[in-house]
Protein chains: 2
Amino acid sequence: MNEGVEWAVHSCLNLAWLGDERAVPAAKLAGFYELPAAYLNKQLQALARAGILTSTSGPRGGFRLARPPEKITLMDVVAAIEGEEEAFRCTEIRHRGGSDSGVRSKTPCEIHTSMRKAELAWRRELASQTIADIASSVEGHSSAAPERVRRWFDDTRT
Amino acid sequence: MNEGVEWAVHSCLNLAWLGDERAVPAAKLAGFYELPAAYLNKQLQALARAGILTSTSGPRGGFRLARPPEKITLMDVVAAIEGEEEAFRCTEIRHRGGSDSGVRSKTPCEIHTSMRKAELAWRRELASQTIADIASSVEGHSSAAPERVRRWFDDTRT
DNA sequence: GGTCCGGTACTCGGATATACGATGTCCGAGTGCTATGGG
DNA sequence: CCCATAGCACTCGGACATCGTATATCCGAGTACCGGACC
């Protein structure tokens, strides 16, 4: 799995805590974790294309959440970065070679079916957890976190 | 996900149908689907290292299932090829940069926790399905499949 | 005829190339702010 | 003092390098079979 997913979720969390009053530039989001700014920007673009963030150009521009954190699931974020296609790609090798029965059977590939079943369980679990859920979990462990984030983004000039 | 997983599962299915009386060379398993023999061999080696297959060198050598198909889960095969580590690797970026609170908090990374939860659902689903299950599903759709496989592996000289 | 032995062909196993996608970087287009000059 | 306007700095967006891993290939080590020679 892409490392960008981790960056994206963390950034969404921060954006949730910062509220959507102001837009936050990619460079600043990157600075918070000392990530390569240009590359994080690429991931944020993907989130914007997926409708999870809105982007604004020019001074005072940047990114902000396109909808409330309760409406953004982990599945949304992962799909935006990793793509919608399933991880297991069935290439139908059962129809290759002289082994094939000749009939392009309409029966589905059972292996594909089984893998998909597992992947759906994964997707369902991801879809059941929102950015808001994670945010509140973090706050449960350290209630100061949101305030500390806001402070950092306000103070730091970089 | 690795393409080798698809090859490995298909090969395990064929080995299940062929029984473990005789060993089957990688070249023959590859020929069945016209796959690159040397590369499939690599995947089979991984299965052997994981204890799913046993390998025999020399003439009349090859691979065979190390235990009955009911005892081999999809999880076993996927883990053998893809590795045991989780797909989502948490690099703890929350502890990078001036953003860190300084305390290497003992609280787990919530994002990591959420991703792991989804991944466990995936693993659980994979672990619940065995090679035998898939074999019997295929037989349900086309009862001639096992016999056709045995025939091909008996007849073909390549 | 039976048994031992050397040669041979076969198979796995790992070391070695190659291609493609993830990772990382850079520059151009667009946009809002700001300062300056005129009314 | 207020407004128009030109310049500028900032930001995204996508085009361009670089690196690592999955993919693919090749050759060496070991082993069982087969044929022949010897007892």
Side-chain angles (χ1 to χ4, degrees), chain A residues 1-8 11 15 22-31 33-66 78 80-83 85 87-89 91 93 96 153 156-158, chain B residues 1-8 11 15 22-31 33-66 78 80-83 85 87-89 91 93 96 153 156-158:
Chain A
M1 170 163 298
N2 236 335
E3 190 172 11
V5 171
E6 186 184 7
W7 303 1
S11 295
L15 286 173
R22 56 189 158 178
V24 186
K28 206 156 190 178
L29 284 167
Y33 297 120
E34 289 179 353
L35 302 174
Y39 189 33
L40 176 64
N41 187 33
K42 202 188 186 75
Q43 318 290 351
L44 297 176
Q45 281 175 42
L47 294 182
R49 269 195 300 274
I52 296 171
L53 303 183
T54 58
S55 64
T56 317
S57 278
R60 304 289 295 168
F63 295 91
R64 71 192 76 191
L65 294 184
V78 171
I81 305 291
E82 291 276 291
E85 58 196 325
F88 179 86
R89 287 152 297 173
T91 61
I93 62 176
R96 296 227 287 263
F153 276 89
T156 314
R157 203 144 311 277
T158 45
Chain B
M1 169 164 300
N2 236 338
E3 189 171 12
V5 171
E6 187 184 6
W7 303 0
S11 295
L15 286 173
R22 57 191 156 177
V24 185
K28 207 156 191 178
L29 283 167
Y33 296 121
E34 289 180 352
L35 301 174
Y39 189 35
L40 176 64
N41 187 33
K42 200 188 185 77
Q43 318 292 348
L44 297 176
Q45 281 175 40
L47 295 182
R49 269 195 301 274
I52 297 172
L53 302 184
T54 59
S55 64
T56 318
S57 277
R60 305 286 298 167
F63 295 91
R64 70 191 79 190
L65 294 184
V78 170
I81 305 289
E82 291 276 291
E85 58 195 325
F88 178 86
R89 288 153 297 176
T91 60
I93 61 175
R96 297 227 287 263
F153 275 90
T156 314
R157 202 144 309 276
T158 47

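Sequence lines set the chain letters: A, B, ... in the order given, protein chains first and strands last, and positions in each chain run from 1.
Here D:dC10 presents its P atom at 18 Å from CZ of A:Arg22, a figure rounded to the nearest Å. Between the CE atom of A:Met1 and the P atom of D:dT21 there is a distance of 17 Å, given to the nearest Å. Straight-line distance from the CG atom of A:Leu29 to the P atom of D:dT11: 11 Å, rounded to whole Å. Between the CD atom of A:Glu6 and the C1' atom of C:dA22 there is a distance of 15 Å, given to the nearest Å. The CZ atom of A:Arg60 sits 13 Å away from the C1' atom of D:dT11 (whole-angstrom rounding).
Contacts of A:Ala23 with the nucleic acid, taken as non-hydrogen atoms under 4.0 Å apart, are absent.
Across all non-hydrogen atoms, the minimal contact from A:Gly4 to A:Ile81 is C-CG2, 4.3 Å. Of all non-hydrogen atoms in B:Ala27 and B:Ala37, the two that sit nearest each other are CA-CB, 4.1 Å. Across all their heavy atoms, B:Ala80 and B:Ala50 have their closest contact at CB-CB, 3.5 Å.
Residues A:Ala38 and B:Thr56 both approach DNA chain C. Their nearest nucleotides, taken by heavy-atom distance, put B:Thr56 toward the 5′ side. Heavy-atom distances to DNA chain D give each of B:Gly58 and B:Glu3 a nearest nucleotide, and the one nearer the 5′ end belongs to B:Glu3. When the nearest nucleotides of DNA chain C are assigned to B:Arg89 and B:Gly62 by heavy-atom distance, the more 5′-ward of the two goes with B:Gly62.
Summarising the geometry, atom CG belonging to B:Leu44 is positioned 11.5 Å from atom OH belonging to B:Tyr39; distances are rounded to the nearest 0.5 Å. One distance of note links CG of A:Leu40 with CD1 of B:Ile93; it measures 8.5 Å at 0.5 Å rounding.
The number of heavy atoms from other shown groups lying within 6.0 Å of CZ (B:Arg22) is above 12.
Listed by residue number, the members of residues 39-51 of chain A with any heavy atom below 4.0 angstrom from DNA chain D are A:Asn41, A:Lys42, A:Gln45, A:Arg49.
In this structure, the nucleotide among C:dG32, D:dG13, C:dG24 sitting nearest to the side chain of A:Pro36 is C:dG24.
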